[in-house]
Amino acid sequence: MILCCGEALIDMLPRETTKGEPAFSPYAGGAVCNTAVALARLGRPTGFFSGLSSDLMGDIIREKLDASNVDHSYVATSDRPTTLAFVKLVNGAASYAFYDENTAGRMITEADLPEIGDDCRAMHFGAISLIPEPCGSTYEALLMREAEKRVISLDPNIRPSFITDADKHRARIERMAAKADILKFSDEDLDWFGLEGSLDDKARHWIAAGASLVVVTRGSDSTIGYTATEKVEVASEKVEVVDTVGAGDTFDAGILASLDLAGLLTKDKVRTLSANAIRDALALGAKAAAVTVSRAGANPPFAHEIGL
Ligand SMILES: Nc1ncnc2c1ncn2[C@@H]1O[C@H](COP(=O)(O)OP(=O)(O)OP(=O)(O)O)[C@@H](O)[C@H]1O
Ligand SMILES: O=C(O)C(=O)C[C@H](O)[C@H](O)CO
């Protein structure tokens with residue numbers, strides 16, 4: 001099983017109405033939840049750990065997890081509210097306003113952390129669940145506790161509007177990245193860290209920090225994967241974009257699914273990936289993410305939709 005650990009929330013997506021008044025529709029989302037759904041839809045055994053509400057928005061999330069065959073038995077359920085993300089779309093590109101005060105996702109603590117079964121090969125972390133407290137410290141503690149035992153994937157998925165203390169967040173990501181095997185950034189996320197030099201220099205900073213594979217996505221352009229010895233670039237697919245909600249999250253799932261299918265999701269094997277293995281992982285990420293951007297909200301493809 002690949003266990004995705006982090007936020008599930010409701011994306012409130014803007015929609016057209018006949019009378020032109022403002023309106024939003026609720027869609028289950030949250031970057032890490034999106035990755036779990038995408039991975040399971042790609043046919044990989046997938047689990048999800050988070051704080052999840054027993055309210056009706058929590059039910060929308062649970063229904064999506066069930067419909068996509070994601071095991072959510074690790075989830076910590078409470079009657080606190082569900083986190084909301086109101087989405088603004090400009091030419092399909094999304095920005096977010098988050099409402100997470102006192103929510104089920106935000107308020108989880110180390111006391112909520114489950115024991116993880118031996119069937120868990122890899123864990124995926126990331127996004128806004130790493131920012132506020134107490135959930136930020138909780139996920140950091142979980143990653144630190146498990147990093148020697150399983151492959152760790154981390155996607156910082158920077159949301160600048162939500163980060164109140166940039167230095168604190170940078171320091172947390174540096175500590176977590178030092179224990180991670182796979183790191184994925186968008187080029188904008190990578191720039192947020194304020195590192196000097198070219199894109200290659202910035203990516204290689206994270207290899208030097210300890211990661212085995214660093215992936216940098218560049219929207220409709222391409223994605224580049226780096227290891228200590230390889231650099232592989234794969235072009236993005238050409239599609240009509242509806243919105244980019246969940247694109248990077250789906251890409252994470254593509255990388256993990258490809259490595260898992262190739263039997264490479266072990267601590268040892270992920271350290272010595274060949275150029276071909278990296279290319280396959282990026283190609284599956286690009287193929288799956290292209291479907292997500294071609295439809296509304298975070299709605300990643302099932303394996304059969306991309307011929308897997
Ligand atoms: N316009 C597009 N056309 C085709 N593929 C796209 C497009 N935009 C994004 N993608 C795919 O999704 C991947 C991730 O997109 P991007 O680099 O924008 O990451 P992101 O900003 O993390 O996404 P998000 O935060 O919206 O989930 C890209 O590498 C690409 O494969
Ligand atoms: O969870 C997050 O980090 C969000 O920004 C909310 C969205 O559901 C998600 O990221 C979509 O990519």
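Quick caveat: nothing in here was measured; it's all calculated off a predicted structure.
Looking only at atom types and distance, the side chain of Ser186 has a donor-acceptor partner in the side chain of Asp189 under 3.5 Å away. Checked by atom type, the side-chain pair Arg271/Ser212 shows no donor-acceptor distance below 3.5 Å.
Between Glu233 and Arg218, at least one side-chain N (NZ, or NE/NH1/NH2) sits under 4.0 Å from a carboxylate O, which counts as a salt bridge. Ion pair Glu7/Arg106 not flagged as a salt bridge, since none of the NZ, NE, NH1 or NH2 atoms sits closer than 4.0 Å to an Asp/Glu carboxylate oxygen. With respect to Glu133 and Arg172, a salt bridge is recorded, a charged nitrogen being found less than 4.0 Å from a carboxylate O. With respect to the salt-bridge test (charged N to carboxylate O, under 4.0 angstrom), the residues Lys202 and Asp191 qualify.
Within 6.0 Å of NZ in Lys149 there are more than 12 heavy atoms belonging to other residues, nucleotides or ligands. Atom NZ of Lys179 has 12 or fewer neighbouring heavy atoms from other residues, nucleotides or ligands inside a 6.0 Å radius. Applying the 6.0 Å contact sphere to CG of Asp55 captures more than 12 heavy atoms from other residues, nucleotides or ligands. The local environment of CD in Glu115 is sparse, with at most 12 non-hydrogen atoms from other residues, nucleotides or ligands closer than 6.0 Å. Other residues, nucleotides and ligands contribute more than 12 heavy atoms inside 6.0 Å of the CG atom of Asp165.
Under the 3.5 Å distance criterion, the side-chain polar atoms of Arg62 are matched with a main-chain donor or acceptor of Ser53. Judged by distance alone, with hydrogens and angles left aside, the side-chain atoms of Thr35 form a donor-acceptor pair with the main-chain N or O of Asp249 at under 3.5 Å.
Here the straight-line distance linking atom CG of Leu52 with atom OG1 of Thr103 works out to 10.5 Å at 0.5 Å rounding.
Cluster annotation: Leu264 is connected to Val151 through the hydrophobic network of ILVMFWY side chains, with a link wherever side-chain heavy atoms come within less than 4.5 Å. Cluster membership for Val293 and Phe302, using ILVMFWY side-chain heavy atoms within less than 4.5 angstrom, is not shared.
Results of the side-chain contact (heavy atoms from CB on, under 4.5 Å) test with Leu142 over Leu113, Leu3, Asp112 single out Leu113 as the only residue that passes.
Ring geometry for Phe193 versus Trp206: interplanar angle over 60°, hence perpendicular rather than tilted (30 to 60°).
Taking the centre and axis of the six-membered ring of Trp192, the NZ or CZ atom of Arg170 falls inside the cone set by 45° and 6.0 Å.
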